[in-house]
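The analysis underlying the following values was restricted to heavy atoms, covering all of them including side chains, and did not include hydrogens, waters or symmetry mates.
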Amino acid sequence: MLREMLKNVRNIGIMAHIDAGKTTTTERILFYTGRLHRMGEVHEGSAAMDWMEQEKERGITITSAATTCYWEKHRINIIDTPGHVDFTAEVERSLRVLDGAIAIFCGVGGVEPQSETVWRQADKYQIPRIAFVNKMDRAGADFFNVLDMIRKRLNANPIAVNLPIGSGEMFTGVIDLVRFKSIIYDNSALGAKYYLGDVPEDLKETAQKYRDKMLEEAANYDDILFAKYLNGDVIEPKEIVQALRKGTLQNRIVPVLCGSAFKNKGVQPLLDAVINYLPSPFDVPPVKGVNLKGTEIERIADPEGPTAALIFKIMSDSHVGHLSFVRVYSGSIKKGTLVYNSTVGKKERVHRLLLMHANKREDRDELSSGEIGALVGLKHSFTGHTLCDPKNPIILESMVFPEPVISITIEPKSKADSENLKTALEKLSYEDPTFRMAEDEETGQMIISGMGELHLEILIERLLREYKVRAHVGKPQVSYRETVEESARGHGVFDRKTGNKTQYAVIDIEISHDDSADHGVIIQNKISKLDIPLEFIPAVERGIQNSVKSGIIAGYPLHKIRIVLLGGEYRENESTELAYEVAASLALKDALQKAKPAILEPVMALEVSVPDTYLGDVLNDLNSRRTDIISVDKRKDINIIDGMIPLRESFGYATDLRSLSQGRAVFTIQFSSYEFCDKKIQQEIVEKTRGFIPEFLQN
């Protein structure tokens, strides 16, 4: 790809709350750009981007799907991401490699819980966005309310660049505020035909008001436009677009459009907005990384520069084996050549290069800077690894994924199934960074962990159907954590004779609860080199790290704990690394027993939408589930309940809510934090896992 062609590339993601219309919008984009000759429908299971059997059956997106299309001489690489919170890692890794995004909001629901989650993920990577208020054909759709919600709930600066003409059944088209023209769609032509006209008389006042707001904002980014605006001069559409583009690329404004993807209205202006406002690879800052010495370096989007690419997804394909999805930031990757995986220090040969269209493949000889594609033939490379030029190595920043909060046991039905199960689980773990598998040391059972009930349900279905594994599956179990309530010091001594040699080490530590340690445990070293030589400190830290994986109450990992290494003793010729590892482990156990250990449970943020008739019953049920109700707000004729519910109390809630509301209430749930368990529940957990209450817990 030539350098000048990069200016016409857009790498975008489509992100939203579940059921806001992401996949339907993508299908319409592919139809109007000529990539598809027939529109697929999610509810019919015919959407091209939802290609997995589970996606077709459920009508939801489970895995992010990549495709490429062309509009107005521009190439648009699209990743359609899932909306369900259980698959938030798919959104995370997609946003990591994209330059811009379309945030889709339901015209009725507006900003919903998962909308906020994906918005924060985009904030994390500073991704410029445009917004599309979808489903304007639905009863109760309110474009202006959604604008207000984006401003208040997302702390963003939404600027309307078009307005709806009507809503619900009366929605017929949009007003283009940049050109100040109406766009009316021809229903008989599947939205492919539309007519430009004057703004309807009854909407002129509102349209002028919002056009003035748009011009006021655009004037902040262009001095010439600012002068024209003050003088009342004619401002050309091209000047408005250029100014709004500057504001969008600086992440200071979010252009907002509207339409109905299902009814084929408003998609072409959305495509124009992608070209007009979202960045090309040249418009984003150079990607940063470190060289092999740890010095920070960067790579600009240059097809002729040194190669730098990030693997953001691994997928198993029955026809070609492992597919490694990459974003090429600099240089190029050619078919048949060697690339260097700087993360693990190994060279890999690229057998094939592919452009993906959902699960369909198109062979390429080269992937260049700014492109997203898939590589075949890599053996040592996984999600988050960097591929680069061996002469100019760089390690790009990897991705951090949330820890699983729910587990189930799975056992093969026969010895023959045992190997199949292990192989299938390994393949799934390569693909999904939020999936974990481990073997219970006491029972020998295989335990698999994920982000939620739906996540595990999908994984189990894939094992049984895709990989033909025959297995017994247990009930979902909560992944608890252990912490301490008080500060305490621990003393660990290892003094043992093995053969003719004595191994000796003493370690003193202090532990305390620390809410800032939200990724587990913080280790702080205050040991003087006069007490213990510096070369033994890594062994002490290793002993701690190995021990925090299993607490002393019920064997759950330690969480929200600060461990300070205070000091110890050293004997020349007797102190060894192994001795310090064991002493550190003993010191931690000693401190934990004194520091009032406790169990933390995962607590989920819950939002329930329920009609007035069923509000009392739903609230009573939530209270019986130990839910902390934060607020109950009215949104038109629907009540929105926000609360925090322990994960263990949420099992089976979908069925119970459906029963309580005759199927009219809906809810969303996502992980929020780990909080202290009720004392009775702690005792119940300990008795279940250990069969008795340890003495240090009885006080």
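- Considering only residues two or more places apart in sequence or on other chains, Y674 meets the ring pair (Phe, Tyr, Trp, His ring centres under 6.0 Å) condition with H559, F671.
- With sequence neighbours excluded, the residues forming a ring pair (Phe, Tyr, Trp, His ring centres under 6.0 Å) with Y653 are F667, listed by chain and number.
- Within 6.0 Å of CD in Q662 there are 12 or fewer heavy atoms belonging to other residues, nucleotides or ligands.
- No donor-acceptor contact under 3.5 angstrom links the side chains of Q477 and S479, judged on distance only.
- A search for side-chain hydrogen bond (donor to acceptor under 3.5 Å, both in side chains) contacts involving R562 returns D514, Q524, not counting sequence neighbours.
- Judged by the 6.0 Å distance and 45° axis criteria, R153 is not positioned over the aromatic ring of W119.
- With salt bridges taken as basic N to acidic carboxylate O contacts below 4.0 Å, none links D432 and K313.
- With sequence neighbours left out, the ring pair (Phe, Tyr, Trp, His ring centres under 6.0 Å) criterion links F144 to Y210.
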Exercise for the section: Would you please test R626 and E601 for salt bridge (charged side-chain N to carboxylate O under 4.0 Å, His left out) and show each step? Expected result: CA-CA 12 Å; R626 297 191 291 127; E601 65 179 342; 3.1 Å; yes

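- A donor and an acceptor atom, one from each side chain of D612 and N639, are located under 3.5 Å apart.
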Practice task
List the steps, then state whether salt bridge (charged side-chain N to carboxylate O under 4.0 Å, His left out) holds for K594 with E485.
Solution key: CA-CA 10 Å; K594 300 173 185 173; E485 295 184 46; over 6 Å; no

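- Residues I29 and V267 are in side-chain contact: their nearest non-hydrogen atoms beyond the backbone lie under 4.5 Å apart.
- With sequence neighbours excluded, the residues satisfying side-chain hydrogen bond (donor to acceptor under 3.5 Å, both in side chains) with T483 are H513.
- For E431, the side-chain hydrogen bond (donor to acceptor under 3.5 Å, both in side chains) partners are S316, R462, not counting sequence neighbours.
- The pair D148-R151 meets the salt-bridge criterion, since a charged nitrogen lies less than 4.0 angstrom from a carboxylate oxygen.
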